[in-house]
Amino acid sequence: MQPIARRSVLFGVAALSGLSATAAFAVNALPDARFVGFAQEFNDFEIASGRLAMAKSTNENVRGFAARMVADQTEAAQYLSKARQEAGVSYAPDPANAPGWTATLQRLNVLQGVEFDTAYANAQLAAHIDANAQYGAYSQDGGNGALRRYAQGQLPKVQQNLTGARQLAGGR
């Protein structure tokens, strides 16, 4: 996979700082309903940003990664729905993440060309770093067995996609 051409794009820095830096530190497992909210928001962000990238990007690496994210997160959303029903846990949005991901989607929507590709790659890297931390914490210390099994099942895919996001963003 070829990294995105590097250009000085302030948006990339803003996207990274606007999402979350929780992965730099050990995180505690979220309460059950907030983990469901985080996981659903992550799935929704990945699907929406992936569809946007498939529509806007001409870079085959970006388009391929985006298509994989749409497929992976659509499947993950189905598994999450089943795990949530089994657990009897309602959805509680995670207030720490939704605004950042919504704002990132809005910014991506107005960008074109290399600026879009760079911003998308940076946003994917930040989202996957955060997801890796949250899924890792919940898979170890989550309070609900069905949701913990969901996190444990998804964690290897999140880690694999984090590796792909790092490559897409130029190896960071």
Legend entry - Closest approach of A127 to W101 (non-hydrogen atoms, all atoms of both residues): CB-NE1, 4.2 Å
Inset, instruction - State yes or no: do F116 and V70 share one hydrophobic cluster built from I, L, V, M, F, W and Y residues joined by side-chain heavy-atom distances below 4.5 Å, directly or via other members? - result: no
Legend entry - CD-CG distance between E46 and N161, expressed to the nearest 0.5 angstrom: 7.5 Å
Inset, instruction - Could you label the plane-to-plane angle of the H128 and F65 rings as parallel, tilted or perpendicular, counting under 30° as parallel and over 60° as perpendicular? - result: perpendicular
Legend entry - ILVMFWY cluster, L155 and F35 together (side-chain gap under 4.5 Å): yes
Inset, instruction - State plainly whether one hydrophobic cluster holds both F45 and Y79, where clusters connect Ile, Leu, Val, Met, Phe, Trp and Tyr through side-chain heavy atoms under 4.5 angstrom apart. - result: yes
Legend entry - Donor-acceptor under 3.5 Å (S57 side chain, M54 main chain): no
Inset, instruction - Find out whether L125 and L162 are in side-chain contact, i.e. whether some heavy atom of one side chain is under 4.5 Å from a heavy atom of the other. - result: yes
Inset, instruction - Look up atom CG in D32 and atom CZ in R84, then write down how far apart they are to the nearest 0.5 Å. - result: 12.5 Å
Legend entry - Exam field: side chain R148 to backbone G142, donor-acceptor pair closer than 3.5 Å: yes
Inset, instruction - Find out whether S49 and T104 are in side-chain contact, i.e. whether some heavy atom of one side chain is under 4.5 Å from a heavy atom of the other. - result: no
Inset, instruction - Write down the atom of S139, the atom of G136, and the distance for their closest heavy-atom approach. - result: OG-O, 2.9 Å
Legend entry - Donor-acceptor contact below 3.5 Å, side chain N109 vs main chain L105: no
Inset, instruction - Can you measure from CG (D44) to OG1 (T102) and round to the nearest 0.5 angstrom? - result: 9.5 Å
Legend entry - Smallest separation among heavy atoms of S90 and A33, with atom names: O-CB, 3.4 Å
Legend entry - Distance in Å, L30 CG paired with L147 CG, rounded so as to fall on 0.5 Å steps: 11.0 Å
Legend entry - Test item: K56 side-chain N/O and L108 main-chain N/O as donor-acceptor pair under 3.5 Å: yes
Legend entry - Connected via hydrophobic side-chain network under 4.5 Å: V62 and L52: yes
Inset, instruction - Please round to the nearest 0.5 Å and tell me the distance separating atom CZ of R166 and atom CD of Q124. - result: 13.5 Å
Inset, instruction - Spell out, as yes or no, whether a donor-acceptor pair under 3.5 Å connects the side chain of N122 to the backbone of T118. - result: yes
Inset, instruction - Measure the OG1-CZ distance between T74 and R51 for me, rounded to the nearest 0.5 Å. - result: 5.5 Å
Inset, instruction - Ignoring hydrogens and angles, tell me if any N or O in the side chain of S81 forms a donor-acceptor pair with the backbone of A77 under 3.5 Å. - result: no
Inset, instruction - Check the hydrophobic clustering (I, L, V, M, F, W, Y; side-chain heavy atoms under 4.5 Å; chains of links allowed) and say if F38 and I47 are grouped together. - result: no
Legend entry - Aromatic centroids of Y150 and Y138 separated by under 6.0 Å: no
